[in-house]
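Order of appearance sets the numbers: ligands from 1, and atoms from 1 within every ligand.
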Amino acid sequence: MTESQPPRALRAAVDVVVLGAGPAGLVLGNLLLSAGIDCVVLERASRSHVLTRARAGFLAPNTARILERHGLADGLLRYGLRHGTCEFRTQEGRFRIDYGALGEAGPHHVYPQQNLVADLLRHYLHRGGRIHFDTEALAVHEADGPRPSVTTREPDGRPARWRARYVAGCDGRHGAARRSLPPGAVRRHHDHGVTWLGLLAQAPPSLDAVGYALHDRGFAGHMARTPEMTRYYLQWQRGTPADAWSEQRIWDELDVRMRAADHGPLRRGALLERGLFDLTCDVVEPLRYGSLLLAGDAASLLAPAAAKGANLAVLEAEILAGALAEALVRGDTGGLDGYSDRCLAHIWRAQEFTGWMTRLLHAAPGADGDGDGDRDGGGGSLFQAALRRSRIASLRTSSIHRDWFAENYVCV
Ligand code: RFL
């Protein structure tokens, strides 16, 4: 804040300021409005950016149930695809797990995250919700007291301050909520040592399953998004720019790793998006600091290998909305007191499975030293490769292992 730009008059106080208009923030905003709680959502990006940001697609059965319970699932149920099968491709051949038919949970709904966000925003506005785009939260202040505030940079570039009873930090891993945590906050962080090149192809899915290909040259993945769009992933040399390869080279490499020669060609199309994702993860503990509460990626970041992040964000938003409603409507803060522990149990279970899945799909380069001196660039050491083969064999042959996989794959 500079002297030539004095803070704008204090914005009217609200019960809850929600930072971020992703799945966590918009589910929370909708549920708070339904409970009669005054809130405002502050979003750094523009409306058009928020409505076109392609990320998640696989939504778990429990996520669909939560959205349905609160009247937010119309688009998902109408346009979402159902997906209940994984196909693993290895040098020993391929096999499938019909995870949607195993266990009790059921299949995933495949629905692009930007469509879900558009639905959530439409419902939020329809319920009378207030949202400010192009408004960046800079810091959360006085979270240890009863009247926290948020300083922002408004769309015209001037600073402002918002007062609230509670602040919900749903602004992702690089947001203001994380930056405002007190010095004692713990962020447990792990780097799986693997990078993915994430691709969005304007091409129909090539198989009617999630495809996980394990190859000496590195992992490749296939995930449907819509009948016209497919996500592909390539394990990538960290440090190599995303645009280092031509489209032709990328498709040729996907063909090799997905073993198209044995299992059928991939349906090619223009690559609309390329992004690099280091497979890192972290958890902030606890998730509550007085009047500041974290949810979604702001609370915990997961590697995308097991498609859990958006699902956790929705679950945590529902739990947080219930706890805030109890506190603000009935004066009972028990739900807020237990919020962190309740969510962390889900988060650590999701982290554990995601870590297992990440180790199944790749041996991180240089992950161990088995002394054989025999390392390859993409797949890691011989020891790691042998462990992976054994894990895969167990998954292929053990019905108990497949049941375990099915339960954990869709559970949040
Ligand atoms: P989001 O969606 O990042 O939204 C946070 C919002 O906060 C805004 N923001 C700020 N606003 C105000 N002030 C600030 N200082 C701010 N800083 C940031 C941002 O602009 C943004 O609008 O977090 P949220 O709501 O917690 O949701 C989390 C999910 O987006 C994320 O976990 C998933 O996308 C992860 N993920 C997947 N999750 C699944 O459940 N299923 C999947 O299939 C799946 N696929 C994926 C994924 C993530 C991927 N990437 C990005 C690595 C596929 C990919 C490629």
Self-check item: Nearest option to atom 53 (C) of ligand 1, as decided by whichever heavy atom of F277, Y233, F58, F133 sits closest
Solution: Y233

Quiz item: Is the centre of the W196 ring less than 6.0 Å from the centre of the F219 ring?
Solution: yes

Self-check item: Exam field: side chain S206 to backbone R267, donor-acceptor pair closer than 3.5 Å
Solution: yes

Quiz item: Taking only heavy atoms of L42, which atoms of ligand 1 are found under 4.0 Å from at least one of them?
Solution: 11 (N), 12 (C)

Quiz item: What's the verdict on side-chain hydrogen bond (donor to acceptor under 3.5 Å, both in side chains) for H401 and S394, showing C-alpha distance, side-chain angles and the deciding distance?
Solution: CA-CA 7 Å; H401 203 171; S394 171; 2.5 Å; yes

Practice problem: Could you tell me whether W245 and W236 have their ring centroids closer than 6.0 angstrom? | Solution: yes

Quiz item: Considering only protein heavy atoms, which is closest to atom 28 (C) of ligand 1, and at what distance to one decimal place?
Solution: D297 OD1, 3.3 Å

Exercise. Check step by step if side-chain hydrogen bond (donor to acceptor under 3.5 Å, both in side chains) holds for N311 and T63.
Key: CA-CA 6 Å; N311 292 295; T63 304; 2.5 Å; yes

Practice problem: Could you list which atoms of ligand 1 come closer than 4.0 Å to a heavy atom of A307? | Solution: 39 (C), 40 (O), 41 (N), 42 (C), 43 (O)

Quiz prompt | Polar side chain donor-acceptor pair, H83 to D208, under 3.5 angstrom | solution = no

Exercise. Identify which of L26, L276, D171, T135 has a heavy atom lying nearest to atom 17 (N) of ligand 1.
Key: D171

Self-check item: Proximal atoms of ligand 1 relative to C170 (non-hydrogen, under 4.0 Å)
Solution: 5 (C), 6 (C), 7 (O)

Quiz prompt | Nitrogen or oxygen of H174 less than 3.5 angstrom from that of ligand 1 | solution = no

Self-check item: Heavy-atom gap G198 to ligand 1 smaller than 4.0 Å
Solution: no

Practice problem: Note the single closest protein heavy atom to atom 27 (O) of ligand 1, along with its residue, its atom name and the distance in Å. | Solution: P23 CD, 3.5 Å

Quiz item: Is there a side-chain contact between R44 and T135, using heavy atoms and a 4.5 Å cut-off?
Solution: no

Quiz item: Who gets closest to atom 1 (P) of ligand 1 by heavy atom: R231, R55, E273?
Solution: R55

Quiz item: Would the Y99 and H108 ring centres measure less than 6.0 Å apart?
Solution: yes

Self-check item: Where ligand 1 meets A176 - atom numbers and elements under 4.0 angstrom, heavy-atom basis
Solution: 15 (N)

Quiz prompt | Per-residue contact class, K308 against ligand 1 - non-hydrogen pairs under 4.0 Å | solution = backbone

Quiz: residues 13-22 side-chain donor-acceptor pairs under 3.5 angstrom, not counting sequence neighbours:
none

Practice problem: Just jot down the ligand 1 atoms closer than 4.0 angstrom to any heavy atom of G296, in number order. | Solution: 26 (O)

Quiz prompt | Short N or O distance, A24 and ligand 1, threshold 3.5 Å exclusive | solution = yes

Exercise. Measure T63 to ligand 1 on non-hydrogen atoms and call it side chain, backbone, both or neither using the 4.0 Å cut-off.
Key: neither

Quiz item: Taking the six-membered ring for Trp, are the ring centroids of H132 and W162 within less than 6.0 Å of each other?
Solution: yes

Quiz item: To which of A350, A310, A317 does the heavy atom nearest atom 35 (C) of ligand 1 belong?
Solution: A310

Self-check item: For atom 29 (C) of ligand 1, closest protein heavy-atom neighbour
Solution: Q113 NE2, 3.8 Å

Self-check item: Top protein contact for atom 12 (C) of ligand 1, by heavy-atom distance
Solution: R44 N, 3.2 Å

Quiz item: Taking side chain as C-beta onward, heavy atoms only, is R389 less than 4.5 Å from T90?
Solution: no

Output a table of donor-acceptor pairs, distance under 3.5 Å, between side-chain atoms of residues 170-184 and any protein atom two or more places apart or on a different chain; print 'none' if there are none.
residue	atom	partner	partner atom	Å
D171	OD2	A176	N	2.7
D171	OD2	A177	N	3.2
R178	NE	A298	O	2.7
R178	NH1	D282	OD2	2.9
R178	NH2	D282	OD1	2.9
R178	NH2	D297	O	3.2
R178	NH2	A298	O	3.3
R179	NH1	H174	O	3.1
R179	NH2	L138	O	3.2
S180	OG	V140	N	2.9
S180	OG	A176	O	2.7

Quiz prompt | Numbering as shown, the atoms of ligand 1 that approach E136 to under 4.0 Å (heavy-atom distance) | solution = 13 (N), 15 (N)

Practice problem: Mark the output for L19 as yes if a heavy-atom distance to ligand 1 is under 4.0 Å, and as no if none is. | Solution: no

Quiz item: Going by heavy atoms in the side chains, are E273 and R231 under 4.5 Å from each other?
Solution: yes

Quiz item: Hey, looking at atom 21 (C) of ligand 1, which of H108, Q114, R53 has the closest heavy atom?
Solution: R53

Exercise. Please name the residue in the list I97, V210, L207 that meets the side chain to side chain contact (heavy atoms under 4.5 Å, CB included) test with E87.
Key: L207

Quiz prompt | From the candidates A56, G22, A295, A299, the one that places a heavy atom nearest atom 37 (C) of ligand 1 | solution = A56

Quiz item: Below 4.0 angstrom, N of the basic side chain to O of the carboxylate: do R249 and D252 qualify?
Solution: no

Practice problem: Taking only heavy atoms of G175 into account, list the atoms of ligand 1 that are under 4.0 Å away from them. | Solution: 17 (N)

Quiz prompt | Closest to atom 6 (C) of ligand 1 among E316, E43, R153 (heavy-atom distance) | solution = E43

Practice problem: Identify, for atom 48 (C) of ligand 1, the protein heavy atom at the shortest distance, and state residue, atom and that distance. | Solution: P304 CB, 4.3 Å

Quiz item: Counting heavy atoms not belonging to R342, are there more than 12 under 6.0 Å from its CZ?
Solution: no

Quiz item: Looking at N311, which atoms of ligand 1 are within less than 4.0 Å of one of its heavy atoms?
Solution: 39 (C), 40 (O)

Quiz prompt | Option with minimal heavy-atom separation from atom 14 (C) of ligand 1, where the choices are G309, S300, A303, A137 | solution = A137

